Amino acid sequence: MKIVVQRVRRATCTVDGALVSQIGQGLLAFVGIAAEDTEEDLRKGSAKLAGLRIFENEEGKLSLSASDIGGEVMIISNFTLLGRVRRGFRPDCTHAARPEMAKPMYDAFCDAVAEVLPVARGVFGADMQIDAALDGPVNLVIDTQELIRQERNA
């Protein structure tokens with residue numbers, strides 16, 4: 001599972017011109033689910049996203065989480081995060097999970113984060129237009145396989 005996280009002042013998601021979801025200050029997270037992802041990836045990724053301390057405290061240090069500031073998170077499914085561009089110019093997305101596996105995992109991921117933060121969702125599989133006011137900018141990439149390898153080697 002790969003997650004691109006952006007700190008935002010606000011974000012909206014529209015599909016076919018209709019507003020689907022919106023958030024104020026918080027996190028915009030694009031989530032790509034790999035074919036080999038498991039419940040462990042889901043747990044690690046959702047916990048890491050919900051606990052990220054990327055908001056500034058009164059001294060200007062990044063030490064507050066979205067929960068600490070009363071923030072929200074918008075979670076958008078994005079299979080192209082698993083795209084590989086090692087050869088040629090067209091992304092190879094064959095490592096992304098098929099929709100019948102990815103959709104339930106996306107829903108479970110959103111539900112897990114929603115236990116900690118208010119969650120707005122995109123529409124799985126839809127052509128979405130995302131508008132965001134990035135804050136900072138602060139952008140991070142979470143790779144759950146990297147987290148799992150690191151834990152096993154510790």
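Just so it is clear, the model here is predicted, and its values are computed rather than measured.
- Taking both residues in full, the closest heavy atoms of Leu19 and Gln22 are given as CD2-OE1, 3.6 Å, listed atom of the first, atom of the second, then distance.
- Listed for the Tyr106 side chain is a donor-acceptor partner under 3.5 Å among the backbone atoms of Ile75.
- With a 4.5 Å cut-off on side-chain heavy atoms, Phe124 and Pro99 count as touching.
- Note: the hydrophobic cluster containing Ile130 does not contain Val113 (ILVMFWY, side chain heavy atoms under 4.5 Å, direct or indirect links).
- The same ILVMFWY cluster, assembled from side-chain heavy atoms under 4.5 Å apart, contains both Leu64 and Val116.
- The SG atom of Cys13 sits 12.5 Å away from atom CZ of Arg121, with the distance rounded to the nearest 0.5 Å.
- Of all heavy-atom pairs between Gly122 and Ser21, the closest is N-OG, 4.5 Å.
- Following chains of ILVMFWY side-chain contacts shorter than 4.5 Å, one cannot reach Leu147 starting from Leu82, and the two form parts of different hydrophobic clusters.
- Electrostatic pairing of Asp37 and Lys44 does not count as a salt bridge here, judged by no charged N lying under 4.0 Å from a carboxylate O.
- Side-chain N or O atoms of Ser46 include none that pairs as donor or acceptor with a backbone N or O of Phe109 at under 3.5 Å.
- Gly125 approaches Ser77 most closely through the heavy-atom pair N-OG, 3.9 Å.
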Discussion item. Side chain to side chain contact (heavy atoms under 4.5 Å, CB included) for Asp127 and Gln129? Distances and angles first, verdict last.
Written reply: CA-CA 7 Å; Asp127 180 12; Gln129 289 70 53; 3.5 Å; yes

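- Between Phe55 atom CZ and Ser63 atom OG the span is 11.5 Å, to the nearest 0.5 Å.
- A donor-acceptor contact shorter than 3.5 Å links the side chain of Asp68 to the backbone of Ser65.
- Between Met74 atom CE and Ile23 atom CD1 the span is 5.5 Å, to the nearest 0.5 Å.
- In terms of hydrophobic clustering, with Ile, Leu, Val, Met, Phe, Trp and Tyr side chains grouped at heavy-atom distances under 4.5 Å, Ile76 and Val119 are assigned to different clusters.
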Worksheet item: Should Asn78 and Val4 be marked as a side chain to side chain contact (heavy atoms under 4.5 Å, CB included) after you check the CA-CA gap, both sets of side-chain angles, and the distance that decides it?
Response: CA-CA 10 Å; Asn78 188 334; Val4 172; over 6 Å; no

Item to complete: Could you please spell out the steps behind the side chain to side chain contact (heavy atoms under 4.5 Å, CB included) verdict for Val20 and Met128?
Response: CA-CA 9 Å; Val20 171; Met128 296 173 272; over 6 Å; no

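- Heavy atoms of other residues, nucleotides or ligands lying less than 6.0 angstrom from CZ of Phe30 number more than 12.
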Worksheet item: Could you walk me through whether Asp92 and Arg84 pass the salt bridge (charged side-chain N to carboxylate O under 4.0 Å, His left out) check?
Response: CA-CA 5 Å; Asp92 172 10; Arg84 295 181 179 174; over 6 Å; no

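- Between Arg53 and Leu62 there is no side-chain heavy-atom pair separated by less than 4.5 Å.
- Salt-bridge formation is not detected for the pair Glu146/Lys48: no Lys NZ or Arg NE/NH1/NH2 atom is positioned less than 4.0 Å from an Asp or Glu carboxylate oxygen.
- Proximity of a side-chain donor or acceptor of Glu72 to a complementary backbone N or O of Pro118 within less than 3.5 Å is not detected.
- Summarising the geometry, atom CD1 belonging to Ile54 is positioned 8.5 Å from atom CG belonging to Asn139; distances are rounded to the nearest 0.5 Å.
- For the pair Pro91 and Gly83, the tightest heavy-atom approach, listed with the atom from each and the gap, is CB-CA, 4.4 Å.
- Panel note: side chain Thr144, backbone Met1; a donor-acceptor pair is recorded below 3.5 Å.
- Heavy atoms from other residues, nucleotides or ligands lying under 6.0 Å from CD of Glu40 number more than 12.
- To the nearest 0.5 Å, the span separating CG on Leu28 from CG on Asp131 amounts to 10.0 Å.
- Tracing side-chain contacts under 4.5 Å through hydrophobic residues (I, L, V, M, F, W, Y), one never reaches Val73 starting from Val8; they form parts of separate clusters.
- Separation of atoms NZ (Lys2) and CD1 (Ile33) is listed at 13.5 Å; rounding is to 0.5 Å.
- Surrounding CD of Glu36 are more than 12 heavy atoms belonging to other residues, nucleotides or ligands, all under 6.0 Å away.
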Worksheet item: Given Leu49 and Leu117, is the side chain to side chain contact (heavy atoms under 4.5 Å, CB included) satisfied, shown in steps?
Response: CA-CA 10 Å; Leu49 175 63; Leu117 292 165; 5.9 Å; no

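- No side-chain donor-acceptor contact under 3.5 Å links Thr14 to the backbone of Gly17.
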